[in-house]
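Got a structure for you, questions after.
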Amino acid sequence: MIVTVTLNPALDITYTVPALKAGTTHRPRVHAQAGGKGVNVARTLHALGRDTVAVLPLGGFDGEAVRAELETAGVPHHAIPIAGATRRTVTVVEESGLATGFNEAGPEIGAEEWAEICAAVASLLETAALDTAAVLVLSGKLPRGLADDVYSELITVAESLGVPTILDTEGAPLLAALAAGPAIVKPNAHELLDATGLTDPRAAASELLGRGARAVVSSNGPDGLTALTAEGTWTARPPRIDGGNPTGAGDASVAALAMGLADGSRWPEMLTDAAALSAATVLTDRAGIFDADAYRRFRSGIRSEISAQTSPEISAETSSGISSEISARPES
Ligand SMILES: O=P(O)(O)OC[C@@]1(O)O[C@H](CO)[C@@H](O)[C@@H]1O
């Protein structure tokens, strides 16, 4: 069971236009869907037939729309009612594949509401940890009213139950969570540099490892994913994709990493899978939806190369259209 937590979910509105021109009127194709990073992760996992549940606080008119869409789509969820109104995000996608986002701040969460969210997550994890390989996924920006260390609190609960956590957030909440020992943190390259104030991504990822993360996976758009782990450093590059919608590509890679953790996969396979699923998501026009045929193709097309290896067991020459290479040996 993979439990995803989205503390600031959204009604995601996607506008598709030929090209965005400031100062003019557009007549977009419109799609509305339940969103927020952890919701996208759960939607992806559910489509792949994995046992998952999305935990999310919901309130107001758009909160009801989010709940109704999750019902219709059949995505398993556990909603905690809140007094505030769930936010909207608007993404304008151009034919070229350029996406421009407008993410509202979202509601304020009160102390009692936070206690209810915590209790719901703890109870789901207790049940999940009893008989399945459980993983906790914490994704997205925090809503107002919550302290920077709330992710740290949830990771500590999960760790006490032996459940590994993947954290996908930025800034102070990311830094505050590291000491709790998340199994994987997944900032994008920009967030990585921003959080550490460093200019070299490798040094920035090492800094996060030094502060307590057990692995750092950073995404850098078409340049792919790099995993810095205690076992070594791997890079997986997705195939080039023209057009599509990059929104939610990171959530797809988190879904793949969560499956890898649940299954006890090795890093090269996990990272290749993450790059394949995220590229297959970019091909579709919506976050949380992937092209299943492309995902299969990307995973099993061309033979990939591993340029070095850290141990004899990690000699896996994965068959894929994606190059997954070990680019460094672990420091002893
Ligand atoms: O404002 P946050 O929480 O950082 O990001 C929210 C969001 O932009 O991320 C997803 C794509 O990753 C969208 O579904 C969603 O609305």
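Note that the numbering runs from 1 along the sequence shown for the chain. Each ligand, and each atom within it, is numbered from 1 in the order the structure gives.
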*K141 heavy atoms, cut-off 4.0 Å: which ligand 1 atoms fall inside?*
1 (O), 2 (P), 3 (O), 4 (O)
*Before signing off on this row, confirm whether T247 and ligand 1 have an N or O atom pair separated by under 3.5 Å.*
no
*Shortest protein contact, atom 2 (P) of ligand 1 (heavy atom only)*: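 Scanning the protein heavy atoms, the shortest distance from atom 2 (P) of ligand 1 goes to R87 NH2, 3.6 Å.
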*Min side-chain heavy-atom separation E113-I80 under 4.5 Å*: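 They are not in contact (no side-chain heavy atoms under 4.5 Å apart), so the answer is no.
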*Min heavy-atom dist G248 to ligand 1 below 4.0 Å*: yes
*How are the rings of F290 and Y295 set relative to one another: parallel (under 30°), tilted (30 to 60°) or perpendicular (over 60°)?*
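Perpendicular, since the angle between the ring planes exceeds 60°.
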*More than 12 foreign heavy atoms under 6.0 Å from NE2 of H26: is that the case here?*
yes
*Are E159 and R214 close enough for a salt bridge, meaning some N to O gap below 4.0 Å?*
yes
*Please report which non-hydrogen protein atom sits nearest to atom 9 (O) of ligand 1, along with the residue it belongs to and the distance in Å to one decimal place.*
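So the nearest neighbour among protein heavy atoms is K37 NZ, 2.9 Å.
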*Is a side-chain donor or acceptor of E108 paired with a backbone partner of R144 at a separation under 3.5 angstrom?*
no
_atom 10 (C) of ligand 1: nearest protein contact (heavy atom, Å)_ =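 Atom 10 (C) of ligand 1 sits closest to the protein heavy atom N40 ND2, 3.5 Å.
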*asked:* Out of all atoms in ligand 1, which are within 4.0 Å of some heavy atom of T89? Include the element for each.
replied: 16 (O)
*Distance to 0.1 Å, residue and atom name: give those for the protein heavy atom nearest to atom 8 (O) of ligand 1.*
N103 ND2, 3.0 Å
*Identify, by atom number and element, the atoms of ligand 1 in contact range of D251, meaning under 4.0 Å from any of its heavy atoms.*
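The list of qualifying atoms is 10 (C), 11 (C), 12 (O).
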*With a 4.0 Å cut-off, would you call D291 and R297 a salt bridge?*
no
*Has G36 got any heavy atom lying under 4.0 angstrom from an atom of ligand 1?*
yes
*Do the side chain of T6 and the main chain of V39 share a donor and acceptor less than 3.5 angstrom apart?*
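Between the backbone of V39 and the side chain of T6 there is a qualifying donor-acceptor contact (under 3.5 Å).
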*Of all the heavy-atom pairs spanning L174 and A195, show the shortest one and how long it is.*
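For L174 versus A195, the nearest heavy atoms are CD2-CB, 4.0 Å.
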*Considering only heavy atoms of G140, which atoms of ligand 1 have at least one such atom less than 4.0 Å away?*
3 (O)
*What is the closest protein heavy atom to atom 13 (C) of ligand 1, and at what distance does it sit?*
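Checking every protein heavy atom, the shortest distance to atom 13 (C) of ligand 1 gives D12 OD2, 3.3 Å.
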